[in-house]
Each structure stands twice: as C-alpha cells, then as structure tokens.
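This report concerns only the one structure given below.
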Amino acid sequence: MQRLGDICCLWMFAPSYEPLPDKVKFFYDGKHMKLSPPAEEVATFFAKMLDHEYSTKDIFRKNFFKDWRKEMTSEEKSKITDLNKCNFSQMNDYFKAQSEARKQMTKEEKRKIKEENERLLQEYGFCIMDNHKERIGNFRIEPPGLFRGRGDHPKMGMLKRRIRPEDIIINCIFFSPNDIWKEVRHDNKVTWLASWTENIQGSIKYIMLNPSSRIKGEKDWQKYETARRLKKCVDRLRTQYRDDWKSKEMRIRQRAVALYFIDKLALRAGNEKEEGETADTVGCCSLRVEHIQLYPKMDEQEFVVEFDFLGKDSIRYYNKIPVEKRVFKNLQLFLENKQPEDDLFDRLNTSILNKHLQELMDGLTAKVFRTYNASITLQQQLKELTTSDDSIPAKILSYNRANRAVAILCNHQRAPPKTFEKSMQNLQTKIDEKQIQLSTARKQLKAAKADHKASHDDKSKKTVEVKRKAVQRIEEQLMKLQVQATDREENKQIALGTSKLNYLDPRISVAWCKKYAIPIEKIYNKTQREKFAWAIDMAEKDYVF
DNA sequence: CTGACGACTTGGAGTAAGAGAC
DNA sequence: GTCTCTTACTCCAAGTCGTCAG
C-alpha cells in the first residue's frame, strides 16, 4: 500500500489562544482580577459551560479546579483557592454575545465564512492514498478544553491539554519538515494518517479517512458479509448453545446463557473496565448480580428476567423478558451464594466468548450478532410493513418503523429533543388548519357538482375537475402531515442514526428503494449516500441479506 | 491467563447549515 | 427577505476486539 498523505502541519492544529479584551472581567470574591493568559484560557473553558449541567456537578468542579490551578501563576494560585468564589459571568456573557453576533451576521459575512471553510477543507481535508484522492475524516486536531465524560465519569472536568506538533506521530508521506513531529513512520498495516496520545485516559487518538473512502467502505462491506455468513449457520449455533445449557461444566453453561442474551437481546459483549477510571457501565459478559431480577411468575408469564443496567454511554437498558425454563434455572444457579456486586458470569469474559465463537465460525465475534440481528430484523420488518399500493410518504413511514424496530432492539435511545412538545404542537396546528382547508374544499366541490348537474355546461364541468383536484391535493398534504406526526411521536426517545449508519446492511435499503421505486434520497442524505456508495452501486431490487 | 496497548467501530450530544414558513 | 425550525454534520467519548509481553 502506497501512502501519500498530503497533510499541512500548521492548520491542523487548534488556533492559539487569544486573550479576552480587557473589558471582560473576572472576579474573585467580588474583586476584579486580571488573569495570566494560560489561567484565563482554562477559565474560559469553564465560563463557556456555565449553562450546562456539568458545571454544577461536584466531580466536574473539583477536577476542573484542580487542573485549572496547575495553569495558574504562583500568585494566582495563592489567591484563588475556592471555585465558589469565582465569578465567570462576564466571560459567559461575552461568549453568548459573540455567538449572538455570529447569528446576526449579514449574508455576505456568512458567505465569506462558508467560502473560507470550503477552502480549508480543500486544502487540508484530503489526502492521496493508493493514488486516490480521499477525504480525511477529522483533519482538525482536537482543541484543548474540559473533558466531558458521559454518565458518572470520575474524570469529568479535567483539562484536555493542547496538542502540539511534537505530540503527533505522522504515518504518511507529507510535505513539511520532519523534525517538528514526535515521530514519522510509514506503517502500511494500519489506516491512520496521524495520531497523538490524549492526556485524560492516556488513549491514542487518530486522524483517519472519511467513511466514504475506499478503505472504510471495503471494511464496512466485509462486516456485512460476515453477518451474512452468520445467517447461514445461526440455526446450528442456536441448537448448540441450547444444548450447552445442559452442560456439566459451569463455564460452558455460562457461555451458552450469555450467548443466548447476546443473540436474543442484541446485548454488547461487555469487556471489563478499569474501576474508577471510567463510568460504571456493563455489557453482557460484565453483567453483575444486581443487574438482573428473576421472577418465576409475572403477569401471566413464566420465567421472567428483568434487566436493569447502564450500558455504553451510560444509557439505561431496561427490559423484562420471559426466557426458557432452562435459562431461568441456570440463572438461579449462577446467582447462588453471590453478592449484588459479584459478576453474574464469573467464569466468562469477552475473550473466552470470542475464542469460542471464532471456533464456531471464521470471523465470528459477539458484535456480529448485533449486526446480523439488526439487519435481518430490518429485512423482515420491511417485508411485513410495506404495502405496494401505499403512497411514498406511507412507504417511508413503514421504512422508518422498520428502522425503529431495530433501534429498539439495539436500545438506541436519545433524550427527547428540548423542543419536542412545541414542535409536535406546531405540527398539530398545521394538521388542524389543513383539515379546515379540506372541509372547505370539499364543500366547494359539492357546490360545483350541484352547479354542473343544473347547468350541464363545459365551464361548470371544468370547475368540478379543478375542485376535485384541489380536494385530492389537500387530502394528500393532510395525509403527509399526519404521517409525519405519527413518525415523530413514535420517534420521541429513539435514535435511528446509529443503527442506520452502523448496523443495517445498506443493500437491504437500496434494494427496497429499487423495488418500490422510492428515490434513494428519501432515506439517505448526501453523507449517507457517500458512505454507502458501494451498496448503492452493488444492490439490485432482488438483493437478499 | 492477565493486563496493557493499539486500532478501529459505534454512540449520543451539540451546533451549524439550510429548508421551509411567513 | 427574514425568521424559525429541522436536519445534517461534526465532535469526540466509549465501546469492541486483536496482539503481545510476562
């Protein structure tokens, strides 16, 4: 693999800090205090977040204050000893005013900024890989700021330091001096162009190509081909894990029950995490006793398992499902003599599970089940929900519902948008108005018909036609609005993006569009069409996952 | 086997852009 | 043309999974 990445060395970085104008003051204990630029910069990070819940959280404040003090001069350090005595409100006002000013910019100013962004993209947003010009995914190095961990993250509020050239490892050929970087290498076994080590968790961050690139597209395609291979042998695997529920060995039973959950509930694998370094979240293998409740009987159903835990991004997973008796009995066995904080599957981890899966099918890992179950669900749901003589908006609603079924399976949730209630109300108002319009149009049609019946002339006939068309048009508009309202309501707390982007074989969607003559733009926006170009190219209307 | 590390995918929030209403 | 609301897109955190050393 030849790699010729043309990356500019200066503009990839965050712009250096520009001190605030003197009129923007910081107060400590009621008294004005001029901060040194480094201390002021970090203070602005906090000031920008004053309206965010983060700034009220104890851990956030504590971590911020500790790191902020490190940036202070010794004089500042000795004076500023209590965050509660700090008044950042002028800074906060200043930034609000700035963003307000940005919104108020004239058309011309906005056009200039847009042009400048486009120029930056053209200049720094591309590289050449294997003789192809490719879009880079994230060509801007992350700017300094306060770490915003999700959930109860012990490190939230810590200072993410500024990245300089000497922190960066370059992994491509580039046209700039060699000696300013941490290292320059040419490793063509990996796909990244540049990397640095981030100071909060000590993990490595990368500059990689855009999803539309060949290298990402091929990987994506492979992922779905692996899931399709699982489809071919999933019956065999299911028979096997059901069999393993009866195994003499505890580790095999645990493995088999965990796999059943991963398959049936689309749970994530659940790697172990370092305690105290991140939020306390779990996946299947890392489930603890406290995360499940067993109910031999619950509302007419037997053998119900109740799950309640925080998964990736501290999103709550809550589900009650009836399981087979054998699974239930096994779970009771796994729980014996354990404390709430003990591992449910104490003889299992993701490495053991994946080794086992690898033996069952080449390339099989826990996450393949998620991909497989998501894609097969979409295919089934589309088949079930689509009616050929439906209108296009009704078909799109069916598509979104199929997509939604997958999002629910994968537990892709979102906070209801802040403006949700209002926007539903607006839509309802429109519907009401449209309904009034419709009844008026219907009355007019009726009148026109009566008129025609009386006169039988050409002119009145034409009027009837015109009115009939008007009614039809308004009916369509009303239906469209109603469909939109249904769709939005059903989608209140569900995030469709992740499944669409990462779990659904795009060829299923492309085939569906072709079969029902739906323009592809109705389901994929520009970025998504670019990412799925390979599938749009490849799939015909008869494609089966 | 265990833990650390490295590379890559997956994830929701936030915001900028721009489409549609007026 | 301007304002408002929605959608697209960016951002970067947080997972998965393989490898390697001890």
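Values reported hereafter were calculated over all heavy atoms of this structure, with side chains retained and with hydrogens, waters and symmetry mates removed. Chain letters run A, B, ... following the sequence lines, proteins first, then strands; residues in each count from 1.
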| query | Just one of A/Leu267, A/Leu353, A/Leu265, A/Leu348 clears the side chain to side chain contact (heavy atoms under 4.5 Å, CB included) bar with A/Cys284, so which one? | reply | A/Leu267
| Under 4.0 angstrom, heavy atoms only, what part of the nucleic acid is A/Arg111 near: base, sugar-phosphate, or nothing? | nothing
| How long is the gap from CG on A/Asp130 to CD1 on A/Ile215, to the nearest 0.5 Å? | 7.0 Å
| field | Neighbours of DNA chain C within residues 91-101 of chain A, by heavy-atom distance under 4.0 Å | value | none
| task | Looking at every strand, decide which applies to A/Lys103 at a 4.0 Å heavy-atom threshold: base, sugar-phosphate, or nothing. | result | nothing
| said: Does the plane of the ring in A/Trp512 sit parallel, tilted or perpendicular to the ring in A/Tyr399? Use 30° and 60° as the thresholds. | reply: tilted
Contacts under 3.5 Å, N or O only, protein and nucleotides 5-7 of chain C:
residue, atom, partner, partner atom, Å
C/dC5, OP2, A/Lys422, NZ, 3.3
C/dT6, OP1, A/Arg488, NH1, 2.9

| said: Considering only residues two or more places apart or on different chains, which pairs with a residue in residues 194-204 of chain A satisfy salt bridge (Lys or Arg N to Asp or Glu O under 4.0 Å)? | reply: none
| remark: Residue pairs passing the salt bridge (Lys or Arg N to Asp or Glu O under 4.0 Å) test with at least one member in residues 219-229 of chain A, sequence neighbours excluded, are A/Asp220-A/Lys223, A/Glu225-A/Arg228, A/Glu225-A/Arg507
| Checking all strands, does A/Glu198 fall into the base, sugar-phosphate, or nothing category for heavy-atom contacts under 4.0 angstrom? | nothing
| said: Is there a salt bridge (Lys or Arg N to Asp or Glu O under 4.0 Å) between A/Arg119 and A/Glu116? Walk through the geometry before answering. | reply: CA-CA 5 Å; A/Arg119 192 187 67 74; A/Glu116 175 62 7; 3.1 Å; yes
| request: Take A/Phe307 and A/Phe261 through the ring pair (Phe, Tyr, Trp, His ring centres under 6.0 Å) test and state the conclusion after the steps. | output: CA-CA 11 Å; A/Phe307 292 83; A/Phe261 287 160; 5.0 Å; yes
| With sequence neighbours left out, which residue pairs that include part of residues 348-364 of chain A fulfil the salt bridge (Lys or Arg N to Asp or Glu O under 4.0 Å) condition? | none
Polar pairs (N or O, both sides) under 3.5 Å between protein and nucleotides 14-18 of chain C?
residue, atom, partner, partner atom, Å
C/dA14, OP1, A/Arg150, N, 2.7
C/dA14, OP1, A/His153, ND1, 3.2
C/dG15, OP1, A/Thr281, OG1, 3.0
C/dG15, OP1, A/Asp313, N, 3.0
C/dG15, OP2, A/Lys273, NZ, 2.8
C/dT16, OP1, A/Ala269, N, 3.3
C/dT16, OP1, A/Gly270, N, 2.7
C/dT16, OP2, A/Asn271, N, 3.0
C/dT16, OP2, A/Asn271, ND2, 2.9
C/dC17, OP1, A/Thr365, OG1, 2.8
C/dC17, OP1, A/Ala366, N, 3.3
C/dC17, OP1, A/Lys367, N, 2.7
C/dC17, OP2, A/Asn354, ND2, 3.1

| query | Listed by chain and number, what are the side chain to side chain donor-acceptor pair (under 3.5 Å) partners of A/Asp280, not counting sequence neighbours? | reply | A/Arg288
| message | What's A/Ile200 touching, base or sugar-phosphate or nothing? Going by heavy atoms closer than 4.0 Å. | response | nothing
| Just how far is it from atom CG of A/Asn354 to atom SG of A/Cys285, taken to the nearest 0.5 Å? | 7.5 Å
| remark: Between CZ of A/Arg140 and P of C/dT10 the distance, given in whole Å, is 9 Å
| said: Reading DNA chain B from 5' onward, which residue's closest nucleotide shows up sooner: A/Lys531 or A/Thr197? | reply: A/Thr197
| Can you give the first and last nucleotides of DNA chain B, 5' to 3', that have an atom under 4.0 Å from a heavy atom of chain A? | B/dG6 to B/dG18
| task | In whole angstrom, give the distance that lies between atom CG of A/Asn117 and atom P of C/dT10. | result | 11 Å
| Between C/dC11 atom C1' and A/Ile136 atom CD1, what is the distance in whole Å? | 16 Å
| request: By nearest nucleotide on DNA chain C, pick out whichever of A/Thr527 and A/Lys160 is the more 5' one. | output: A/Thr527
| query | Contact class for A/Pro211 vs. all strands (heavy atom < 4.0 Å): base, sugar-phosphate, or nothing? | reply | nothing
| remark: Here the salt bridge (Lys or Arg N to Asp or Glu O under 4.0 Å) pairs for residues 50-59 of chain A, sequence neighbours left out, are A/Asp51-A/Lys96
| Residue whose nearest DNA chain B nucleotide is more 5′ - A/Lys114 or A/Tyr503 | A/Tyr503
| request: Please name all residues satisfying side chain to side chain donor-acceptor pair (under 3.5 Å) with A/Arg268, sequence neighbours left out, ordered by chain then number. | output: none
| query | What residues form a side chain to side chain donor-acceptor pair (under 3.5 Å) with A/Arg161, not counting sequence neighbours? | reply | A/Asp167
| field | A/Met105 CE - C/dC3 P separation (whole Å) | value | 14 Å
| note | The side chain to side chain donor-acceptor pair (under 3.5 Å) partners of A/Glu521 (sequence neighbours excluded) come to none
